[in-house]
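The structure appears right after this line, and notes come after that.
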Amino acid sequence: MKSGFIYSDDNKRYHTQNYHLRHTFGSKVAKISLDAGFTCPNIDGTAGRGGCIYCLDGSGSGSRDSLKSQFEAVRAKMGEKWDTDKYIVYLQAHSNTYADIDTLKAIYREVLGFDKVVGLSVATRADCLDGEKIKLLEEISKETYLNVELGLQSVFDSTARLINRCHTFDTFCRAYDGLFSRDIKVCVHLINGLPYETRDMMLESVRRVADMSPFSIKLHLLHVLRGTPLATMYGRGDFSTFELNDYVSLICDQLELIKPETVIQRLTGDGDKEHLISPLWSMKKFVVLDEIDKEMERRGTFQGSRR
Ligand code: SF4
């Protein structure tokens, strides 16, 4: 059943990444996550120590295999699941612009040279982007499909301090403007459910980011993972995590605030199931996405309805 939303071929009432990639490349594109062995200024002591309070070592695979071997291994696994011959390499672990320019150049060029790779996604932090790095990213974005993923999580500096993000919203805005003004596609990450954030604060983060017209947005659900400082806070009862119904309702409100042309890359978490303490319902990702579809249909709204 078609939803009638301008950027959808099916029942979706928001602009999915799948829709965007199919319409850009003409067929299914799969994202392959690779660990290039970077670290993060929030872990190595340059900006902070211990990392963000929810971070289980930067979502890295910890793989010491070469990028090529990692790529081939994931591709072989994916081949069992999806019939596709187009891939975007996702440099996801830690901060993937946190090295000297020659190292970055070599890594980006290497992965872009892998068989059937049509683009690159680079996850990083705003404080790991200077003029020289932005220039390199601009160069690459002129040659190929490039997405730079910036972890913001919240526009509130009080929350940034609490989660030990170790950079301010102003720092984020400077890096964002540098990328945006050079026509580099930026994906902004936000997290719903951070300790002591109210629903209004989460809506405000989305409102302010949406007004910056990013190319895409990822809305994450906070996951409490065993072994993190966040798990200690959760164990003490300092905060509680979302119930499914409240989360679905918040996401629909947020989608209604985002411009229709902004691509939605994620609407929930996809955390490490082995370490997940809460919320356990989030393990059923397809149920969550289905509930979001149903709620938007029930409301009769679409992405951007309330703009
Ligand atoms: S910026 Fe990312 S990798 Fe670094 S500590 Fe925070 S979550 Fe972990």
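For ligands, and for the atoms within them, numbers begin at 1 and follow the listed sequence.
For atom 6 (Fe) of ligand 1, the N/O/S atoms of Cys52 include one lying under 2.8 Å. Here His94 fails the criterion, with no N, O or S atom under 2.8 Å of atom 8 (Fe) of ligand 1.
Residue Arg165 does not touch ligand 1, judged by heavy-atom distances below 4.0 Å.
Within ligand 1, the atoms closer than 4.0 Å to a non-hydrogen atom of Cys55 are 5 (S), 7 (S), 8 (Fe), numbered from 1 in the order shown. Numbered from 1 in the order shown, with element, the atoms of ligand 1 that lie under 4.0 Å from a heavy atom of Gly51 read 5 (S). Those atoms of ligand 1 with a heavy atom of Arg125 less than 4.0 angstrom away are 1 (S).
Interatomic distance, Ser213 OG to Ile258 CD1, rounded to the nearest 0.5 Å: 11.5 Å.
If you run salt bridge (charged side-chain N to carboxylate O under 4.0 Å, His left out) between Glu256 and each of Arg299, Arg207, Arg307, only Arg299 comes through. None of Phe25, Tyr14, Phe215 except one satisfies the ring-ring contact (aromatic ring centres under 6.0 Å, His included) rule with His20; the exception is Phe215.
Smallest separation of non-hydrogen atoms from Ala231 and Leu225: CB-O, 3.4 Å.
Looking at Thr97, its side chain does come within 3.5 Å of a backbone N or O of Cys128 through a donor-acceptor pair.
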